[in-house]
Amino acid sequence: MVLTAYNQVAIPSFMYGTAWKKEATTGLVTLAVESGFSAIDTANQLIHYQEALVGEALQVLAKKGIKRDSLFLQTKFTSVDGQGGRTPYDAAADLTTQVRQSFDSSLIHLGTEYLDSYVLHAPFQRRGLGAADWEVWAVMEELCRGGKTKMIGVSNITAAQLAQLCDQAKVKPMVVQNRCFAALGWDRAVREICQINGIIYQGFSLLTANREVLGASEIHTVARRLNATIAQVIFRFAMQIGMLPLTGTTSEQHMKEDLESDRFVLTTEELQRIETIAL
Ligand SMILES: NC(=O)c1ccc[n+]([C@@H]2O[C@H](COP(=O)([O-])OP(=O)(O)OC[C@H]3O[C@@H](n4cnc5c(N)ncnc54)[C@H](OP(=O)(O)O)[C@@H]3O)[C@@H](O)[C@H]2O)c1
């Protein structure tokens with residue numbers, strides 16, 4: 001299954017996330033793709049991601065016959081503040097140069113000539129969008145228009161910021177990637193803006209940000225009815241409400257189980273109950 005953004009570019013409906021895997025990144029990305037994932041999320045941000053090791057996994061996979069164009073690669077530009085002191089670009093350069101250098105370095109790390117999706121890791125300020133955001137976004141628009149990336153997007157964004165970006169950008173984001181809290185109706189306000197604008201909403205930390213919800217009897221009842229795991233219920237719920245879930249599992253069995261989530265179908269009532277479970 002795929003999801004299609006307003007510019008008609010498609011993304012596989014489940015994405016494998018590569019954060020916090022350190023030196024295990026090469027093996028886990030290889031395993032994830034061999035298990036059936038074809039969309040990979042990373043970032044050019046050494047404190048949380050090993051983008052170059054994702055590239056190493058792609059080389060291993062290429063030798064086994066899995067071609068670059070059969071995979072969907074997404075990475076991110078992270079500002080100096082989010083880099084923990086080790087920037088993959090000249091931290092003293094202007095932002096336009098930083099984005100171009102970070103993008104070029106991502107291409108080298110991943111051994112590719114283009115990206116499928118390039119994401120701004122977070123706006124520079126908590127409220128509204130400022131000059132720094134617009135400068136970075138303009139470079140990302142240029143990369144997209146020039147065909148260096150098929151999509152551009154933004155992560156860790158509020159509904160108000162996203163509305164402003166959709167309103168004022170020359171090229172609207174095609175993807176949004178946010179931490180998804182059940183207590184916020186699974187990020188309902190942001191998802192609604194995405195739906196109106198044909199933006200693909202990617203949700204992360206669906207399990208880890210919602211531990212209390214996972215223990216709720218309503219979820220266990222659904223899991224029992226479907227003979228599914230709790231994780232499968234949450235991932236399938238996410239898909240059925242139009243979200244593209246990320247999983248960062250390090251377990252081969254969980255990879256397989258997560259990918260099998262689409263075998264189940266929750267009823268409209270079950271979807272409504274889970275969507276509002278923590279409101
Ligand atoms: N844009 C951002 O700022 C940002 C921030 C955070 C994450 N992300 C992206 O999102 C990805 C996923 O992150 P995440 O926070 O959702 O997940 P995660 O923290 O990487 O992993 C999920 C946790 O749930 C456990 N788990 C148990 N059963 C599972 C199952 N059946 N399937 C999956 N996990 C299961 C995993 O343990 P096992 O390993 O034992 O399965 C793991 O400890 C990251 O790798 C990254 O690519 C982006």
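All residue numbers refer to positions in the sequence shown, counting from 1. Ligands are counted one by one from 1 in listed order, and the atoms in each one are counted from 1 as well. Note that the structure is predicted; figures quoted are calculated from it, not measured. No hydrogens, no waters, no symmetry mates; every other heavy atom, side chains included, goes into these values.
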Please round to the nearest 0.5 Å and tell me the distance separating atom CG of D187 and atom CG of N178. 4.5 Å
Under a 4.0 Å heavy-atom limit, does T250 contact ligand 1 with its side chain, its backbone, both, or neither? both
List every atom of ligand 1 that sits less than 4.0 Å from any heavy atom of N156, numbering the atoms from 1 in the order shown and giving each element. 1 (N), 2 (C), 3 (O)
Looking at F103, is K148 sitting on its ring face, NZ or CZ under 6.0 Å from the six-membered ring centre and within 45 degrees of the normal? no
Quiz question for you: does at least one protein heavy atom lie closer than 4.0 Å to atom 23 (C) of ligand 1? yes
Measure the distance from atom 31 (N) of ligand 1 to every protein heavy atom, then report the residue, atom name and distance (to 0.1 Å) of the closest one. D258 OD1, 3.0 Å
With heavy atoms of D41 as the reference, note each atom of ligand 1 found under 4.0 Å away. 9 (C), 46 (C), 47 (O)
Quick one: does Y49 get a heavy atom under 4.0 Å from ligand 1? yes
Once you measure the plane-to-plane angle for H48 and W20, does it fall in the parallel (<30°), tilted (30-60°) or perpendicular (>60°) bin? perpendicular
Measure the distance from atom 25 (C) of ligand 1 to every protein heavy atom, then report the residue, atom name and distance (to 0.1 Å) of the closest one. L207 CD1, 4.7 Å
Can you find an N or O of G17 that's nearer than 3.5 Å to an N or O of ligand 1? yes
Report the C-alpha distance between T18 and Q50 in whole Å, list the side-chain angles of each, state the deciding distance to 0.1 Å, and finish with yes or no for side chain to side chain donor-acceptor pair (under 3.5 Å). CA-CA 8 Å; T18 63; Q50 295 291 331; over 6 Å; no
Proximity of T18 to ligand 1 by residue part, where a heavy atom lies under 4.0 Å: backbone
Which of the atoms in ligand 1, numbered in the order shown and given with their element, are less than 4.0 Å from a heavy-atom of T249? 33 (C), 34 (N), 38 (P), 39 (O), 41 (O)
Do you see a protein non-hydrogen atom under 4.0 Å from atom 42 (C) of ligand 1? no
Which protein non-hydrogen atom lies closest to atom 20 (O) of ligand 1, naming both residue and atom, and how far is it? G248 CA, 3.3 Å
Identity and separation of the nearest protein heavy atom to atom 13 (O) of ligand 1: W20 CZ3, 3.9 Å
Worked check of salt bridge (charged side-chain N to carboxylate O under 4.0 Å, His left out) between D116 and R68: CA-CA 11 Å; D116 295 284; R68 161 67 184 95; 2.9 Å; yes
Considering only protein heavy atoms, which is closest to atom 16 (O) of ligand 1, and at what distance to one decimal place? S205 N, 2.7 Å
Would you give the length of the straight line joining atom CD of Q202 to atom CE of M243, rounded to the nearest 0.5 angstrom? 11.0 Å
Would H121 count as a contact residue for ligand 1, given that I'm defining contact as a non-hydrogen atom of the residue lying under 4.0 Å from a ligand atom? yes
Among all protein heavy atoms in this structure, tell me which lies nearest to atom 29 (C) of ligand 1, with the distance rounded to 0.1 Å. H254 ND1, 3.4 Å
Side-chain ion pair, R273 and E269, N-O less than 4.0 Å: no
For salt bridge (charged side-chain N to carboxylate O under 4.0 Å, His left out), just list the numbers for E275 and R191, CA-CA rounded to whole Å, side-chain angles, deciding distance to a tenth of an Å, and then say yes or no. CA-CA 12 Å; E275 200 172 359; R191 287 192 289 112; 2.9 Å; yes
Please state which part of A19 comes within less than 4.0 Å of ligand 1, counting heavy atoms only: side chain, backbone, both or neither. both
Can you report which non-hydrogen protein atom sits closest to atom 5 (C) of ligand 1, along with the distance? F204 CE1, 3.2 Å
Considering the heavy atoms of Q177, write down every atom of ligand 1 situated less than 4.0 Å from one of them. 1 (N), 2 (C), 4 (C), 48 (C)
